[in-house]
Amino acid sequence: MTLWSGRVGGSLDPAVWEFLHAADADLLPYDCEATYQHAERLHGAGLLSDDELSWVEERLAVIANDPAGYLPEDEDVHSAIERQLGDVGRKIHAGRSRNDQVAAAFRLYVLDACAEARAEIEALALVVLSFAEVEAETLLPGYTHLQRGQPVTLGHHLLAWVEMLDRDRSRFMAAASAAAESPLGAGALAGSTLGLPAPPGQMRNSIDAVSDRDFALDYLYATTVLYVHLSRIGEEIVLWSTGEFGFVRLPETAATGSSMMPQKLNPDVAELARGKAGTAIGRLTGLLATVKGLPLAYDRDLQEDKAPIFAARADVRLGLRALTALVAGLEVDRERMAAAASDPLVLATDAAEALVREGVPFREAHERVAASVRDGSFTPHATAAESVAARAAPGPGGVREAIAEARSRFGSSL
Ligand code: ARG
């Protein structure tokens, strides 16, 4: 029995039924919550009794935790819930449509996914911060174009990862505030005549309320940028763990072996983070394409909005947890890093700046030092450690203060 069987005579062709079916079981607890919010509104308007409301509340708590109650013959999660609410279920759809219902449930889902992403991002950031603390003074060359540039510390480099993660956290918070409005009351697209009380945070326009999926796009965008960051972090771990760099050793708890080459320890976690960034970009692009050109208000195309979000949420959780385990177990080869950082040429910029302090115009200082590099006569006046200490914030000189400041930023939100 469908929610619309009064209008459509015969039964649907099985192929049509299968095609229309929504893979939306993940929405179950959220749709129960949205259904309760709507039941409260009906109660507020005198359309549900006190007893009916408390019965609905009890039943929804059971339904929300029983995925097996959603049967193959239910068209979607909304139909499954209404059927399980029995006789009161036959009253509960007054003043709403699946259009405002699905938007309400999906918003609750995205809100939860944002909170989860934020907590997992913070867990990774705290591990990176502890790592930065331990390696605050560990020297390594900083790179541009993947060529040695100027000496920095590993602590300073790791704090760059923390900044990326902090911005990711903000993007999920922004997606959460976009999701935190209520489309309830919009009905199919134009409200209802029943005079139901407004839900908290009710959206201003009923047509927008059932058409808007910006919050889902915002979530996917936050996910995509996060994964782009995880892929850059992953790429650095891939490079640093090569025999050629040899800066870090992978922990055996977060690396894999080769089925053929007995000596191998592979950075699969870091590589998969890089790989899943491509998938994340695809999901965002896919939903943008779904929404583009859709006439207002609701269209069934919008059913395609859920699968990418469900998959993105799993990837965010799994990827952040795996990367947290990987980073927590990395072992630094400080000697290899220091050897790379002791390349005298990484001090060429300092030499040019020393001439500037003596009054030489920078362009001339640059040319003089470049000439000495070219003819092989360049010798630095300082050590890498002195060079690092002389370059204050936002450079690597103030790394201890920067760690303390980042800690208070992350600590205060926990
Ligand atoms: N399964 C649908 C979705 O995910 C629910 C809304 C259906 N609305 C409708 N008018 N057919 O979008």
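Read the numbers this way: they start at 1 and go in the same order the structure lists the ligands and their atoms.
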Side chain to side chain donor-acceptor pair (under 3.5 Å) evaluation trace for D112 with Y30:
CA-CA 9 Å; D112 224 17; Y30 305 94; 2.7 Å; yes
Is it the case that the side chains of S97 and D100 hold a donor-acceptor pair, with the cut-off being a distance below 3.5 Å and no angle test?
no
Just by distance, with hydrogens left out, do S79 and R83 show a side-chain donor and acceptor under 3.5 Å apart?
no
Intermediate values then yes/no, side chain to side chain donor-acceptor pair (under 3.5 Å), N266 and T256
CA-CA 5 Å; N266 293 328; T256 53; 4.5 Å; no
Report yes if some N/O of D24 lies less than 3.5 Å from some N/O of ligand 1; otherwise report no.
no
Residue part near ligand 1, for R300, under 4.0 Å between non-hydrogen atoms:
side chain
If you count the atoms of ligand 1 from 1 in the order shown, which ones are under 4.0 Å from a heavy atom of [X]?
X    : value
H78  : 5 (C)
K306 : 3 (C), 4 (O), 12 (O)
N99  : 8 (N), 9 (C), 10 (N)

Worked check of side chain to side chain donor-acceptor pair (under 3.5 Å) between T279 and R283:
CA-CA 6 Å; T279 306; R283 291 189 189 113; 5.5 Å; no
To the nearest 0.5 Å, how far apart are OH in Y298 and CD in Q303?
5.5 Å
What protein heavy atom sits nearest atom 1 (N) of ligand 1, and how far off is it?
Q303 OE1, 2.8 Å
If you have a sec, work out which protein heavy atom is nearest atom 6 (C) of ligand 1 and how many Å separate them, to one decimal?
Y298 OH, 3.4 Å
